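Here's the structure we're looking at; comments come further down.
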Amino acid sequence: MSKTVLIVGGGLAGTIIANGLCRQLGDEMRRGEVGITMLGTSETHMYQPGLLYVPFGRIREAELFRDQRKVLDRRVNFFVDPAKHIDVEHNQVTTEQGRTVKYDYLVLATGARPMPQNIPGMREAGHWFYELDAARKLRDALNGFTGGKIVVNVNAPHKCPVAPLEVVFMLYEHFKAKGILDKTEITYTYPIGRLHALEPVAHWAKPEFDRIGIKYETFFNTETVDPEKKTISSMEGVSLPFDLLITIPPHAGAQVIEDSGLGKGGWVPTNTKTLSREGSTNVFVCGDTTNIPISKAGSTAHFEADVLIDNLVSLLQEGRMARDYDGKVFCFVETGMNSGTYVWFNYTTPPNPGPPSQMIHWFKLAYNRLYWLSARGLL
Amino acid sequence: MAERQTIDARGSFCPGPLMELIAALKLASIGDEIEVLSSDKGSAADIPAWVNKVGHSYVGTTEKDGCWSIVVRKAK
């Protein structure tokens, strides 16, 4: 009897897994023993890290998108039909269009999304770059900016944890090139008592901020934004004025996760090593969707996906798991328009970023294109 | 009815125990307790300090074999 692997979510995590399974299970699929189905929300696949460059006009929007059906192996049964209810007791998912898809193995890869509406006034007064329309709006705001106070405000939880620092360094160079640095004041706020969650990154960033004159306010967890007075206030009792607010809004997981009772906030309780949903043996979770206390980042999704591919193949072929996820994360860090560094760590190895260089910046730019090979399961 | 949840942030370099707690408090109801497990000694000082600053309740900390258990109650 044919086994079905159902993947809910067509972002990076789901796409890598679908393509990886096709590459390793070609014989089984040819014999009709295994089928792979994906339920996505869009015909289009977006390279999310590229959004960072949109406000600065440093990427062409066409580079961010591919047709999802062209990114996916053609053997994947792909439906643009979002999941409406995930029933892990009965091994089936119902969709918004009324399909019921039964599965033997389920992969939840529904991702994370910014929720500026969760903080009063933030959607009205803030700009962000984690979604295309918002990034375009920020680009327009930057084009019209002639000087004043900018607040770069970071909220928990959020994905792509180095992007807030990257945007600060890029803003600095953008205003310097525009000749309005002397009329511009940038203040960066962060939820905990240092500039970044990763301690070595925070230690590196502080003297850099001091050197280029970026102000900062730590222990700043946003409570409200006042669009009329143009102020942002924290739970800790600090209020900052702004002419332009650039925020990294708090994130939530997919609504279908919460609606299906699979996890508060859309985050699914997940075993840190096997990546199986707590309480299930045939439900796995990948990428931003997990509640694992590690970075919500594309690289996390990628390394988790590699493990899940091996484990699903092994389960289907031999009835056993292959290996554990070791918590690996790798992030490039843009330190300006022409330099960059990177950081990697896992559950047992702390991060240790090296000195920024132009070479790493170029490598990051190259990866912006190489990404499509990752999504296809080739890199 | 108040709930209690545990965040096992041992070995979490990013986003780390306090960021995890901040995110969890946003989803919790008033009266819920959150236990944070951390292998970072700094959390034992940082978490109570932040919790007291923003007006939640610090319940207590225990340490065993290099692991700190810090319990917080959502108060507002």
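A, B, ... follow the sequence lines: proteins, then strands. Residue 1 opens every chain. Values below: all heavy atoms of this structure, side chains included; hydrogens, waters and symmetry mates excluded. Since the model is a prediction, treat every value here as computed from it, not as a measurement.
When all heavy atoms of B/Glu20 and A/Pro293 are compared, the closest pair comes out as OE2-CA, 2.9 Å.
Taking 4.5 Å as the heavy-atom cut-off, the residues of residues 45-74 of chain B that approach chain A are B/Trp50, B/Lys53, B/Val54, ordered by number. Residue-level contacts of residues 27-40 of chain B with chain A, in order of numbering, are B/Leu27, B/Ala28, B/Asp32; threshold 4.5 Å between heavy atoms.
Contact annotation for A/Pro161: only side-chain heavy atoms (C-beta onward) come within less than 4.5 Å of a heavy atom of chain B. Contact of A/Thr300 with chain B is not made at all, since no heavy-atom distance falls under 4.5 Å. Interface remark: A/Asn118 contributes no atoms to any contact with chain B (heavy atom separation under 4.5 Å).
Counting heavy-atom pairs closer than 4.5 Å to chain B, the top residue among A/Gly327, A/Pro200, A/Ala156 is A/Ala156. When B/Ser12, B/Ala23, B/Gly11, B/Cys14 are compared by the number of non-hydrogen pairs under 4.5 Å with chain A, B/Cys14 comes out ahead. Looking only at heavy-atom pairs under 4.5 Å with chain A, the residue among B/Pro17, B/Pro15, B/Gly42 that has the most is B/Pro15. Counting heavy-atom pairs closer than 4.5 Å to chain B, the top residue among A/Pro350, A/Ala252, A/Gly193 is A/Pro350.
Using a 4.5 Å cut-off on side-chain heavy atoms (C-beta onward), B/Leu18 and A/Phe219 make contact. Here the side chains of B/Lys26 and A/Met115 are not in contact, with every heavy-atom distance at 4.5 Å or above.
For A/Arg113, the CZ atom is densely surrounded, since the number of other residues' heavy atoms within 6.0 Å is greater than 12.
Interatomic distance, CE of A/Met235 versus CG of B/Leu25, reported as 8.5 Å (0.5 Å rounding). The structure places CD1 of A/Ile294 at 11.5 Å from CZ of B/Phe13, a figure rounded to the nearest 0.5 Å.
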